[in-house]
Amino acid sequence: QVQVVESGGGSVQAGGSLGLSCVASGYTNSRSCMGWFRQAPGKEREGVALIAPDGSRTYYLDSVEGRFTISRDSAKNAVYLQMNSLEPEDTAMYFCAARGGPYCASYRVMRRADFDSWGQGTQVTVSS
C-alpha cells in the first residue's frame, strides 16, 4: 500500500518563503519519481516541479523557475519544495505526487496521469 504524506504550507505575505515536505512509502526499492502539483480555486491542477528518483534531473513550471527549488532525500524517499519570493498567484492547494519506478515519465511536462499516488494536499496562501 503506497502512502504519500505532505507537511508544511501555511500563510505568508508576498515576497516571503515557505517550505513543503512529502514522504512516499510503500514503493518497491523505495524509488519513485516525485513532484508537486497545485490547484487554485476555479483552475485546473498544474504541475509545479518534479525530481527524478535519483535526484539527477528536475523540471519546473516556467512561472516558478528561479523562485522554487525541489530537492529530495532518496534514502527516505522524501521530497521538498522550497518556495521563495512568493506571489499572490502562488496561492493554491499543493499536492505531492509520486510514480513508482527508476525514472519519471517526462522531464519536459507534468501530467496528472503520469503519477499513481497522491497526497491529501496542503494549503499555501500568499497575501499581497
Side-chain angles (χ1 to χ4, degrees):
Q1 183 79 13
V2 174
Q3 276 193 316
V4 177
V5 180
E6 304 130 335
S7 60
S11 298
V12 68
Q13 288 192 323
S17 300
L18 285 172
L20 304 179
S21 301
C22 172
V23 176
S25 60
Y27 284 113
T28 301
N29 297 323
S30 298
R31 298 177 74 183
S32 62
C33 173
M34 297 183 76
W36 293 93
F37 286 75
R38 68 185 181 187
Q39 188 166 17
K43 295 187 176 181
E44 292 194 359
R45 193 172 297 190
E46 62 179 356
V48 175
L50 67 73
I51 188 165
D54 63 359
S56 62
R57 298 180 70 177
T58 58
Y59 159 89
Y60 292 97
L61 183 69
D62 284 348
S63 62
V64 308
E65 182 96 52
R67 300 187 298 120
F68 290 11
T69 302
I70 191 168
S71 60
R72 72 182 298 154
D73 181 337
S74 295
K76 298 178 182 178
N77 213 30
V79 65
Y80 311 97
L81 187 68
Q82 179 62 38
M83 304 179 291
N84 298 327
S85 301
L86 282 161
E87 303 168 353
E89 293 73 23
D90 297 316
T91 295
M93 186 72 76
Y94 283 69
F95 298 89
C96 182
R99 175 186 187 274
Y103 54 85
C104 295
S106 173
Y107 296 98
R108 294 187 294 177
V109 64
M110 290 182 69
R111 294 176 289 253
R112 294 180 64 172
D114 290 339
F115 294 83
D116 52 40
S117 297
W118 295 81
Q120 76 284 0
T122 185
Q123 180 68 34
V124 170
T125 301
V126 184
S127 58
S128 57

Between [X] and [Y], which heavy-atom pair has the shortest distance, and what is it?
X	Y	result
R99	Y27	N-OH, 3.7 Å
A52	Y107	CB-OH, 3.3 Å
S21	Y80	OG-CD2, 3.4 Å
L81	A49	CD1-CB, 4.2 Å
G100	D116	N-OD2, 3.4 Å
D114	A105	CG-CB, 3.5 Å

same_hphob_cluster([X], [Y]) at 4.5 Å side-chain heavy-atom cutoff:
X	Y	result
Y60	L50	yes
M93	F115	yes
V23	V48	no
F95	L18	yes

Of all residues at least two apart in sequence or in a different chain, which pass the side-chain contact (heavy atoms from CB on, under 4.5 Å) check with V109?
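With neighbours one apart ignored, the set is S106, R111.
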
Residues forming a side-chain contact (heavy atoms from CB on, under 4.5 Å) with S11, sequence neighbours excluded
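T125.
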
Under the 3.5 angstrom rule, does the side chain of D73 hit a backbone N or O of A78 as a donor-acceptor pair?
no

Is there a donor-acceptor pair closer than 3.5 Å between any side-chain N or O of E6 and the backbone N or O of Q120?
yes

Heavy atoms from other residues, nucleotides or ligands near [atom1] of [X] exceed 12 (cutoff 6.0 Å):
X	atom1	answer
E44	CD	no
Q13	CD	no
Q39	CD	yes

State, yes or no, whether a side-chain contact exists between [X] and [Y] at a heavy-atom distance under 4.5 Å.
X	Y	result
W36	F68	no
V124	L20	yes
M34	I70	no
P102	P53	no
D54	R72	no

Tell me the disulfide (SG to SG under 2.5 Å) pairs involving residues 97-128, sequence neighbours left out?
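Sorted pair list: C33-C104.
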
Restricting to pairs with a member in residues 35-99, which pass disulfide (SG to SG under 2.5 Å), not counting sequence neighbours?
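Output for this query lists C22-C96.
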
How long is the span from the CZ atom in F37 to the CE atom in M110, to the nearest 0.5 Å?
4.0 Å

I'd like to know whether Y103 forms a side chain to side chain contact (heavy atoms under 4.5 Å, CB included) with R57, so could you lay out the CA-CA distance, the side-chain angles of the two residues, the decisive distance to 0.1 Å, and finally the verdict.
CA-CA 10 Å; Y103 54 85; R57 298 180 70 177; over 6 Å; no

Kindly write out the residues that satisfy salt bridge (charged side-chain N to carboxylate O under 4.0 Å, His left out) with R108, not counting sequence neighbours, or none if the list is empty.
none

Which residue pairs pass the side chain to side chain donor-acceptor pair (under 3.5 Å) test when at least one of the two sits in residues 84-97, sequence neighbours left out?
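Output for this query lists S17-N84, R38-D90, R38-Y94, R67-D90, Q82-N84.
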
